[in-house]
Amino acid sequence: MIEIKTSRKDLFSNYLLWLNPILGLSDTERRILSSFITLHHAYKHYHDKEVLNSLLFSEETKKDLAKRLKINNSIFSKAFQSLESKGIIQPIRKV
């Protein structure tokens with residue numbers, strides 16, 4: 001068993017770094033996905049999953065994450081769309 005020390009803040013980023021040979025993500029995609037996983041984990045006990053999904057994938061949340069990650073909004077949008085097209089991020093769509 002290998003012990004890897006990481007901070008709670010970097011846990012998902014490091015996890016995705018290990019999985020990246022399988023996932024094939026760009027650095028930007030990995031950073032964005034890590035941020036969404038971190039947010040989802042922080043609010044995983046939220047009772048209404050549909051509301052949680054709406055909050056996580058709202059335009060306001062996306063803009064805030066882009067700002068925190070220091071990624072241009074258009075680059076963030078393209079990377080997010082790439083994650084969706086790869087089937088890695090699948091926001092629940094209301095029918």
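- The distance from atom CG of N20 to atom CG of L25, rounded to the nearest 0.5 Å, is 5.0 Å.
- Considering CD of E60 and CG of L55, their distance stands at 9.5 Å, rounded to 0.5 Å.
- Cluster annotation: L17 and L69 are assigned to distinct hydrophobic clusters (Ile/Leu/Val/Met/Phe/Trp/Tyr, side-chain heavy-atom contacts under 4.5 Å, transitive).
- Few gaps surround NZ on K86; more than 12 heavy atoms of other groups in view lie less than 6.0 Å from it.
- Side-chain contact check for L52 versus H40: some heavy-atom pair is nearer than 4.5 Å.
- With respect to the salt-bridge test (charged N to carboxylate O, under 4.0 angstrom), the residues R30 and D27 qualify.
- A donor-acceptor pair under 3.5 Å is absent between the side-chain atoms of S34 and the main chain of R31, judged by distance alone.
- Within the model, atoms NZ of K78 and CD1 of I32 stand 12.5 Å from one another, a figure rounded to the nearest 0.5 Å.
- Side-chain contact between Y15 and I37: absent, with no pair of heavy atoms (C-beta onward) separated by less than 4.5 Å.
- A continuous path of Ile, Leu, Val, Met, Phe, Trp and Tyr side chains, each step under 4.5 Å between heavy atoms, connects L56 with L33, placing both in one hydrophobic cluster.
- Side-chain rings of F12 and F36 stay apart, their centers remaining 6.0 Å or farther from each other.
- For the residue pair S58 and T61, a side-chain donor N or O sits within less than 3.5 Å of a side-chain acceptor on the partner.
- For K49, the NZ atom is densely surrounded, since the number of other residues' heavy atoms within 6.0 Å is greater than 12.
- Atom CH2 of residue W18 and atom OG of residue S13 lie 13.5 Å apart, to the nearest 0.5 angstrom.
- Here the CG-OG distance, from L83 to S26, works out to 7.5 Å after rounding to the nearest 0.5 Å.
- Annotation: cation-pi pair K62/F80 present, NZ/CZ under 6.0 Å from the ring centroid and within 45° of its normal.
- Atom OG1 of T38 and atom CG of L65 lie 9.5 Å apart (nearest 0.5 Å).
- Residues I89 and L23 share a hydrophobic cluster, clusters being chains of Ile/Leu/Val/Met/Phe/Trp/Tyr side chains in contact below 4.5 Å.
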